[in-house]
Amino acid sequence: MNDMIERAALFSRAAHQAVGQRRKYTGEPYWQHPATVAEMVAAVEAATVEMIAAAHLHDVLEDTAVTALDIEECFGQRVAVLVQELTDQFIDPEIGNRAHRKALERDRLAQVSPEAQTIKYADLIDNTVSIVARDRGFARVYLAEKRRLLEVMTAGDQALRRQAWSVLTEGEAKMRGIAR
């Protein structure tokens, strides 16, 4: 494993553990989610060391005390930019209701780099599987939001995008009772 990727994995694990973060539905340590996302990104033919490191770090700005400056100092400007591209910018309820905030975020993500979109596809895949399996009520809202996102987020790795579409449509089918 590349040194930067290994450091990013350890950094992510430490940051998420420092705040005691666990996965909502499974209770497993949260850092396992970014590790799974990073594994998917690493399998992409055009993946760079910076993309894999950013995949490990993609949730630290939203969920921990880590700052963008911390990431830049430890991993360089490119990784910091990717993580910032992946960090939800519209979380304040004063901006509007969930639908409005997600529409703003969707429009923003449609414009981020192909590398960040590739990481976002992997994030969507892992989250979709978990949410559909464990929270059917929220899954209806989530799947509709992610369908609209995938419609406009078109610049990332196309094989991973197709996989994201497949997971999404499978989830929709499960919600309709068509799939097992």
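- E151 places a side-chain heavy atom less than 4.5 Å from the side chain of W165.
- Taken together through direct or relayed side-chain contacts under 4.5 Å among Ile, Leu, Val, Met, Phe, Trp and Tyr, L10 and V60 form parts of separate hydrophobic clusters.
- A salt bridge links R108 to E105: at least one charged side-chain nitrogen sits closer than 4.0 Å to a carboxylate oxygen.
- In terms of heavy-atom proximity, Q117 sits nearest to V112 at NE2-O, 3.5 Å.
- Nearest heavy atom pair, residue A122 against residue M40, reads O-CE, 3.5 Å.
- The closest donor-acceptor contact from the side chain of Q158 to the backbone of G156 lies under 3.5 Å.
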As a quick check of understanding, evaluate side chain to side chain contact (heavy atoms under 4.5 Å, CB included) for L104 and H100, giving each step before the final call. CA-CA 6 Å; L104 292 171; H100 179 68; 3.5 Å; yes
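- Between Q89 and T87, some side-chain heavy-atom pair lies under the 4.5 Å cut-off.
- Residues V81 and M4 do not share a hydrophobic cluster, clusters being chains of Ile/Leu/Val/Met/Phe/Trp/Tyr side chains in contact below 4.5 Å.
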Let me see the working for R101 and I91 under side chain to side chain contact (heavy atoms under 4.5 Å, CB included), right down to the final yes or no. CA-CA 7 Å; R101 293 191 316 269; I91 55 174; 5.5 Å; no
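- Within the 4.5 Å cutoff, side-chain heavy atoms of V132 are placed close to those of L143.
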Output, in order, the C-alpha distance, side-chain angles, deciding distance and verdict of side chain to side chain contact (heavy atoms under 4.5 Å, CB included) for E115 and E50. CA-CA 9 Å; E115 295 84 2; E50 291 82 7; over 6 Å; no
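- No more than 12 heavy atoms of other residues, nucleotides or ligands shown are found within 6.0 angstrom of CD on Q77.
- Under a hydrophobic-cluster definition in which Ile, Leu, Val, Met, Phe, Trp and Tyr are linked whenever side-chain heavy atoms come within less than 4.5 Å, directly or via other members, L168 and I125 are assigned to the same cluster.
- Separation of atoms CG (L61) and CG (D59) is listed at 9.0 Å; rounding is to 0.5 Å.
- For D88 and K102, the salt-bridge test passes: some basic side-chain N is under 4.0 Å from an acidic carboxylate O.
- Taking the side chain as every heavy atom from C-beta outward, V152 and D107 never approach each other to under 4.5 Å.
- Summarising the geometry of Y121 relative to D157, their closest heavy-atom pair is CE1-O, 3.4 Å, with the distance given to 0.1 Å.
- Ring pair F75/F11 is perpendicular by interplanar angle, where above 60° counts as perpendicular and below 30° as parallel.
- Note that CH2 of W31 is 4.0 Å distant from CZ of R13, once rounded to the nearest 0.5 Å.
- A53 approaches I5 most closely through the heavy-atom pair N-CG1, 4.4 Å.
- Y30 places a side-chain heavy atom less than 4.5 Å from the side chain of R23.
- Interatomic distance, D123 CG to T36 OG1, rounded to the nearest 0.5 Å: 10.5 Å.
- Under the 3.5 Å distance criterion, with hydrogens and angles disregarded, a donor-acceptor pair is assigned to the side chains of D70 and T67.
- Between R78 and S113, the closest side-chain pair of non-hydrogen atoms falls below 4.5 Å.
- Residues L86 and I119 share a closest heavy-atom pair of CD1-CG2, 3.5 Å.
- Cluster annotation: Y25 and M175 are assigned to the same hydrophobic cluster (Ile/Leu/Val/Met/Phe/Trp/Tyr, side-chain heavy-atom contacts under 4.5 Å, transitive).
- What you find for K174 and R136 is that their closest heavy atoms are O-NH2, 2.7 Å.
- Side-chain atoms of L124 and K120, non-hydrogen and from C-beta on, never get closer than 4.5 Å to each other.
- Close placement of the H58 and H33 rings is indicated, their centers lying within 6.0 Å of each other.
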Could you walk me through whether K146 and N127 pass the side chain to side chain contact (heavy atoms under 4.5 Å, CB included) test, one step at a time? CA-CA 10 Å; K146 297 315 167 200; N127 283 331; over 6 Å; no
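- Once rounded to the nearest 0.5 Å, the distance linking CD of E39 with NE2 of H56 reads 8.0 Å.
- E170 is not listed as a side-chain neighbour of V167, based on a closest heavy-atom distance of 4.5 Å or more.
- Considering CD of Q21 and CD of E62, their distance stands at 9.5 Å, rounded to 0.5 Å.
- Interatomic distance, T118 OG1 to I52 CD1, rounded to the nearest 0.5 Å: 11.5 Å.
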